[in-house]
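Quick notes on the structure that follows.
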Amino acid sequence: MKYRMPTRVFSESNCIANHSDDIAALGQHAFIVTGHGSAKRNGSLDDMIAVLQENGQSYTIFDEIEENPSVETVMKARESGLRAKADFVIGIGGGSPMDAAKAIALMMNRPESDWQALYTAGGSPALPIIAVPTTCGTGSEVTGVSVLTRYDLKTKLSITHKVFPDLALIDGKYICNAPRRIIVNTAVDALAHLIESCINTQADCFSDMSAFAGLRLWAECRPYIENTVLIDAEAAQKLMNASTLAGMSIAQTGTTIPHALSYMLTYRAGIPHGIAVGAFQANYLDFADNTRRTAVLNAAGFSDTDALRTLIHDLTPMQADRALLEESAESVLRNPAKLKLCPYPIDETIMRKLIEI
Ligand SMILES: [Fe+2]
């Protein structure tokens, strides 16, 4: 048994302003890593800048993080952060800016190293990191994982290092006006994290603590995810908390087969991450131990895997080329690190059933 959660986590209304002292303690010059626009639109960037100015901390903004950020973008940002002489990094946005912030903070603290240091164990720790999530799905604010696009390998690949943010500041108001497609895709990703953490050889009563709490909270949030009820501030905080609990769960167990199957679909066909991981969840559960499967479905509010399959199909339908699905399946079958996290043996026959969508 093991449990590691080095991130200090705060989830509340006006979270950034409430924790200005914690932000002040992390450094003098912040390197703010974000995407092209959403952090500006949802107010999170302005909230952070206001606190930095009030604290007398200087900052540099790098707003060029693309969806599924590449190693090349990380290296470009590292140069910008070093030129600014930043001594801590703030990732604001969905999984892409937060994952990139971790890799950038790591590389800024090893300025002589080339990109391969991302995939080589050992070396200096990362600069201090603050994560501010503005979607309700990736959980990156509480994991050590940083998934980057590798153009050389034509897929996405986690860096070797575990880089946990020092501080996660979670405020539901940033998703209140998010596009519905972002809420739905990221909420399905959070559900995928919860399911894959439960159906996992690394699951234990510590990881289950957050996973089952997350599944129950996700079930409570379902009317907002299905849009039968309009999202308000309280519901938004709840959705964010379900996502953070999901992140805490996979921080212990890792993700497994559905995530592994998804990466090639996202890289090659541009299928959004939540859609690509959601498509395999019901099939993945079908082969799990009966008692475990029932416990997961009950906690998440589903009568059986067909009910889950139908909801995911309605929320995030996926159309993927058959040849691409089979290629992805073949590559996962050759990935012992992922296969060993699945609690049932996977041969070619079962893999074919997992990709029957
Ligand atoms: Fe995910």
Side-chain angles (χ1 to χ4, degrees), residues 35 65 67-69 91 93-103 131 133-150 155-159 162-165 168 175 181-200 202-203 207 210-211 214-215 217-218 221 225 239-267 269-285 296 300 308 312 315-316 318 320 328 332 335 337-338 341-342 354:
I65 303 298
E67 233 176 282
N68 308 304
S96 296
M98 289 190 287
D99 279 17
K102 296 172 190 175
T134 64
T135 65
C136 51
T138 72
S140 182
E141 68 277 12
V142 288
T143 76
V145 176
S146 168
V147 183
L148 301 178
T149 294
R150 287 281 301 268
T155 189
K156 292 166 51 173
L157 194 65
S158 298
I159 66 171
K162 292 278 181 257
V163 183
F164 282 85
I175 62 165
R181 129 193 104 72
I182 299 285
I183 301 248
V184 168
N185 286 358
T186 55
V188 169
D189 186 27
L191 179 63
H193 295 160
L194 293 163
I195 291 172
E196 289 178 49
S197 176
C198 290
I199 310 301
N200 194 306
Q202 301 303 299
S207 63
S210 50
L215 286 166
L217 201 52
W218 198 94
C221 293
I225 298 163
L239 264 169
M240 296 286 254
N241 289 343
S243 165
T244 300
L245 284 164
M248 289 171 171
S249 309
I250 54 167
Q252 311 312 316
T253 60
T255 57
T256 174
I257 307 299
H259 267 71
L261 284 169
S262 78
Y263 292 139
M264 203 181 275
L265 305 181
T266 297
Y267 182 88
I271 297 171
H273 178 68
I275 296 177
V277 295
F280 305 110
Q281 295 302 319
N283 292 354
Y284 183 61
L285 267 172
V296 169
L308 170 66
I312 289 183
L315 288 175
T316 54
M318 182 171 88
S328 182
V332 176
N335 184 344
K338 276 293 171 195
L341 295 179
C342 179
L354 292 180

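Each ligand, and each atom within it, is numbered from 1 in the order the structure gives.
At a cut-off of 3.5 Å, with distance as the only test, a side-chain donor of D99 or S140 sits close to an acceptor on the other residue. Side-chain contact check for Q202 and S207: no donor-acceptor pair (N or O, by modelled atom type) lies under 3.5 Å. A donor-acceptor contact closer than 3.5 angstrom is absent between the side chains of K162 and T143.
Looking at residues two or more places apart in sequence or on another chain, you find a ring pair (Phe, Tyr, Trp, His ring centres under 6.0 Å) between H259 and H193, H273.
Just one residue in the list T255, T253, T256 forms a side chain to side chain donor-acceptor pair (under 3.5 Å) with S197, and that residue is T253.
Side-chain atoms of S146 do not come within 3.5 Å of backbone N or O of I159 as any donor-acceptor pair.
Near-neighbour remark for the Fe ion (ligand 1): protein N, O or S atoms under 2.8 Å are D189 OD1, H193 NE2, H259 NE2, H273 NE2; waters not counted.
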